Amino acid sequence: MPELPEVEVVRAGLAPAVTGARIAAVDVLDERALTRHDAASGDFERLTTGAVIRAVVRRGKFLWLPIGEVAGRIPGDGRNDSRPRAIVGHLGMSGQMLLRTPDHPGDDRHARIRLHLEHPAHGELRVDFVDQRTFGSLAVDRMVATADGEVAGFSADVTGEWARSVPTQVSHIARDPLDPAFDDDLLFERMSRRASGVKRMLLDQGVVSGIGNIYADESLWAVGLHGEQPASSLSRPRRVELLRAVRDVLGKALVEGGTSFDAQYVNVNGQSGYFAHSLNAYGRAGEPCPRCGTPIVREAFMNRSSHRCPRCQRLRRRRAATAR
DNA sequence: CGACTAGCCTGAAGGC
DNA sequence: TGCCTTCAGGCTAGTC
C-alpha cells in the first residue's frame, strides 16, 4: 500500500529521530529482508555497524539513509572505495519502519531487521523494519552522482556531500512529481512515445515515480480519463491536466497523512487509512461516482484491479481507429 | 528500446 | 469446522 505520501510520512517521522545517530548494533532476523543487498559488497551487519546516519532521503517510494564514518573508522570492506554508501529501503507492500525505545518488547512476529541506535541528543533508540509479506527490503548500496546534477531526493538538508548522489539501486527510478527537479516536459515527451495505456505509464517508476494503484486510479478519476487510453493519444493540455491532478492527489494525501502522524510510532501499513476517507474511485466498486452518481466499476488490470466511473472515464478511440 | 508477464510473499476473507 | 481459492500489489527479471 505505501505510495509516495505514506513513504514521505515515514521519512519525515524517521529523519529527526535518526539523523546523527550511530548504529550501535544490527540484528538480521530474516535474511529475506536483504534480498536486494549485494552480499558481494560485504556483510550487511558489518557494513552498517558503527556507521552514523547522515540523513533520511526519499525519491518516489524509495528511502535511503546516507551513512558516514565515525570515530576514525570507515565502515566497509576495507577495499578503499571511498564512494559514500547508504542504507536503501523499500517498504514493498507491508513494510514498516517502527521507531521504538530500546526496551520495547521484541515480540513482533514480522520484525525482519533491527537497528540499535545511539543518538547524541535522544539517547538509545531502535528502528525495527517490520514486514509481513516480505516484499520490502533493506540493503547497503554505493552512491553515484545524479544524472542531472540536481539534489537526488527529498530530505530536510540538501547541502550534505551526499545530497546530489543517489544509491545505484535507485538511479533508474525517475524523479517523483513533487520533486522540484521533476522535468514536466520530459514526461510529456515520453508520453508521446507511449502507445500503452496511460495508467500503465503512471505506474512505471522509470517514467514517473511514487504512484501506485490507488493514486493512479484517483488521479485518472480526477481528470476523467480511462486508464487504457493510450498515453500518446492525449493532447498536451490533457497531459498538463493529468500531471496537475497527480500532484494534487499526492499532495492532499500527504497533508492528511502528515496530520494523522504520530512521531513515536511510524506506521505505514495503511491500517489507519491516511487517505481512505477521501478516495473517490479506488476500492469503491458499486458505489456511486461522487461526480455523476454512476456506480464505480472494478476491472481486471495487470493482475490487480482498476476502479473507474464508466460514465466520466470513457475510452476515447481515435476517429481513424473506429472508422467504419 | 518498448511492451508485457510471471513470480515473489502472507494473511484475510469468502465459498462450499 | 476446515480446506481451498482469491485477493491485495511494488518491483525485478525475463521474453518477445
Side-chain angles (χ1 to χ4, degrees), chain A residues 1-11 29-39 58-64 88-97 108-113 129-139 141 166-174 176-177 186-187 189-220 227-233 246 250 253 268-276 279 281-286 297-308:
Chain A
M1 286 279 194
E3 302 183 26
L4 185 155
E6 292 78 15
V7 180
E8 176 54 26
V9 167
V10 173
R11 193 209 63 77
L29 307 172
D30 190 331
E31 292 285 339
R32 292 177 300 175
L34 293 177
T35 47
R36 303 174 71 122
H37 177 77
D38 177 17
R58 179 193 56 77
R59 175 187 289 198
K61 304 171 195 171
F62 279 87
L63 287 172
W64 65 89
V88 184
H90 196 290
L91 301 173
M93 285 296 299
S94 54
Q96 295 171 280
M97 298 278 243
D108 236 315
R109 215 168 130 202
H110 303 302
R112 311 297 183 195
I113 294 175
F129 178 66
V130 178
D131 187 15
Q132 178 199 107
R133 290 168 60 188
T134 69
F135 274 32
S137 65
L138 298 184
D141 197 9
V166 62
T168 56
Q169 288 185 16
V170 187
S171 60
H172 70 289
I173 299 294
D176 62 66
L186 177 63
L187 173 65
E189 197 182 300
R190 294 186 76 167
M191 288 178 79
S192 304
R193 299 192 297 267
R194 281 264 165 166
S196 55
V198 65
K199 178 170 177 179
R200 190 181 282 272
M201 191 213 65
L202 286 179
L203 294 174
D204 186 340
Q205 306 297 302
V207 174
V208 50
S209 70
I211 306 167
N213 204 32
I214 297 176
Y215 299 128
D217 279 359
E218 289 301 302
S219 301
L220 292 169
E228 299 289 354
Q229 190 74 42
S232 56
S233 74
V246 167
L250 294 177
V268 291
N269 210 7
Q271 299 302 328
S272 52
Y274 292 125
F275 200 35
L279 295 176
Y282 181 84
R284 293 177 50 99
V297 295
R298 195 182 93 173
E299 296 162 327
F301 171 77
M302 288 173 75
N303 285 328
R304 61 202 64 164
S305 296
S306 282
H307 309 75
R308 70 176 176 96

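All values reported here derive from a predicted model rather than from experimental measurement.
- The shortest distance between side-chain heavy atoms of A:Tyr215 and A:Pro5 falls below 4.5 Å.
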Where do N or O atoms of nucleotides 12-16 of chain C meet protein N or O atoms at under 3.5 Å, pair by pair?
unit_1: C:dT12; atom_1: OP1; unit_2: A:Arg36; atom_2: NH2; d: 2.6
unit_1: C:dT12; atom_1: OP2; unit_2: A:His172; atom_2: NE2; d: 3.4

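- The shortest non-hydrogen separation linking A:Leu4 to A:Ser209 is CD1-O, 4.4 Å.
- By the 4.5 Å heavy-atom criterion applied to side chains, A:Leu34 and A:Arg112 are not counted as neighbours.
- Taking atom NZ of A:Lys199 as the reference point, atom P of C:dG10 lies 9 Å away to the nearest angstrom.
- Residues satisfying the side-chain contact (heavy atoms from CB on, under 4.5 Å) test with A:Ala174, not counting sequence neighbours, are none.
- Using a 4.5 Å cut-off on side-chain heavy atoms (C-beta onward), A:Arg284 and A:His307 make no contact.
- With a 4.5 Å cut-off on side-chain heavy atoms, A:Val166 and A:Trp64 count as touching.
- Separating the CZ atom of A:Arg194 from the C1' atom of B:dA3 is a distance of 8 Å, rounded to the nearest angstrom.
- Nucleotide C:dC11 holds its C1' atom 16 Å from the CZ atom of A:Arg59, rounded to whole Å.
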- Which letter, B, S or -, goes with each nucleotide of nucleotides 6-11 of chain B from 5' to 3', with contact meaning a protein heavy atom under 4.0 Å? --BBBS
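- Within the structure, salt bridge (Lys or Arg N to Asp or Glu O under 4.0 Å) contacts touching residues 203-217 of chain A (residues at least two apart or in different chains) are A:Arg194-A:Asp204, A:Lys199-A:Asp217.
- Here A:Asp141 does not pair with A:Arg36 in a salt bridge; the nearest charged N to carboxylate O distance is not below 4.0 Å.
- In this structure, A:Leu220 and A:Arg308 have side chains that are not in contact, with every pair of non-hydrogen atoms separated by 4.5 Å or more.
- Residues meeting the ring pair (Phe, Tyr, Trp, His ring centres under 6.0 Å) test with A:Phe301, sequence neighbours left out: none.
- Following rounding to the nearest Å, A:Phe301 (CZ) and C:dG10 (P) show an atom-to-atom distance of 10 Å.
- Distances shorter than 4.0 Å separate none of the side-chain N or O atoms of A:Arg200 from OP1 or OP2 on B:dA3.
- A:Leu91 places its CG atom 10 Å from the P atom of C:dC11, with the value rounded to the nearest Å.
- Using a 4.5 Å cut-off on side-chain heavy atoms (C-beta onward), A:Glu218 and A:Leu279 make contact.
- Residue A:Met93 contributes atom CE, which lies 14 Å from atom P of B:dA12 at whole-angstrom precision.
- Rounded to 10°, the angle separating the first-five-pair axis and the last-five-pair axis of the helix from B:dG2-C:dC16 to B:dC16-C:dG2 equals 50°.
- Here A:Ser305 lies in heavy-atom contact (under 4.0 Å) with sugar-phosphate atoms only.
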